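Note that the numbering runs from 1 along the sequence shown for the chain. What you see is a predicted model, and the numbers here were worked out from it, not measured in a lab.
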Amino acid sequence: MENSKTEHWNNPPVHREENKKVVAGILAILLGFLGIHKFYLGYNKEGIIQLILGFVFGIGGIIGIIEGIIYLTRTDEEFYQTYQVGQKGWF
């Protein structure tokens, strides 16, 4: 009979970055015109572009709402793989 501690030691848990889906989705919907959700996800270039679009053209908020809905309707795994691992900056 094997000891469960030995089994656990042989298969150490995989460290994985925290899933930022819910926070990013809420930030996108509420503060999308400022690009805050982009900065939160580590997309600095895209965040600056969205900030400029929000102030100059006024469409940054619309983009934020759309992205927030997309973020929140994805599964946790899809969001993680697409936006945190794959670093997909837009939609």
Side-chain angles (χ1 to χ4, degrees):
M1 184 171 170
E2 281 191 35
N3 187 343
S4 63
K5 289 181 183 178
T6 305
E7 261 182 54
H8 178 68
W9 188 81
N10 289 334
N11 297 319
V14 176
H15 178 67
R16 186 170 154 162
E17 185 179 345
E18 174 189 1
N19 193 324
K20 300 178 178 182
K21 177 180 116 171
V22 174
V23 175
I26 292 170
L27 287 173
I29 291 170
L30 298 178
L31 300 171
F33 66 98
L34 296 174
I36 301 297
H37 61 292
K38 298 289 191 186
F39 293 111
Y40 178 71
L41 291 171
Y43 304 142
N44 295 330
K45 179 178 69 173
E46 290 86 348
I48 292 169
I49 292 170
Q50 189 149 358
L51 185 62
I52 292 169
L53 289 174
F55 281 122
V56 176
F57 300 106
I59 61 171
I62 295 168
I63 294 170
I65 291 170
I66 293 168
E67 285 186 321
I69 292 169
I70 290 170
Y71 292 170
L72 294 173
T73 57
R74 299 244 175 167
T75 66
D76 290 348
E77 187 61 29
E78 284 176 330
F79 179 86
Y80 181 78
Q81 290 299 324
T82 303
Y83 299 104
Q84 290 181 247
V85 175
Q87 295 287 305
K88 181 178 178 185
W90 296 101
F91 299 99

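In this structure, the separation between CG on Leu27 and CG on Leu34 is 10.0 Å, given to the nearest 0.5 Å. Glu77 contributes atom CD, which lies 9.0 Å from atom OG1 of Thr82 (distance to the nearest 0.5 angstrom). One finds the CD1 atom of Ile69 at 8.0 Å from the OG1 atom of Thr73 (value rounded to the nearest 0.5 Å). For the atom pair CG of Leu31 and CZ of Phe39, the computed distance is 12.0 Å after rounding to the nearest 0.5 Å. Taken to the nearest 0.5 Å, the CG atom of Asn19 stands 9.0 Å off from the OG1 atom of Thr75. Within the model, atoms CZ of Phe79 and NZ of Lys20 stand 8.5 Å from one another, a figure rounded to the nearest 0.5 Å.
Taking each heavy atom of Ile63 and Leu53 in turn, the nearest pair found is CD1-CD1, 3.9 Å. The minimum heavy-atom distance between Ile70 and Arg74, with the atom names listed, is O-CG, 3.0 Å.
Judged by distance alone, with hydrogens and angles left aside, the side-chain atoms of Gln84 form no donor-acceptor pair with the main-chain N or O of Gln81 at under 3.5 Å.
The list of side-chain hydrogen bond (donor to acceptor under 3.5 Å, both in side chains) pairs with a residue in residues 25-43, not counting sequence neighbours, reads His37-Glu67, Lys38-Glu67.
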*Please lay out, stage by stage, how Tyr71 and Ile29 fare under the test side chain to side chain contact (heavy atoms under 4.5 Å, CB included).*
CA-CA 10 Å; Tyr71 292 170; Ile29 291 170; over 6 Å; no
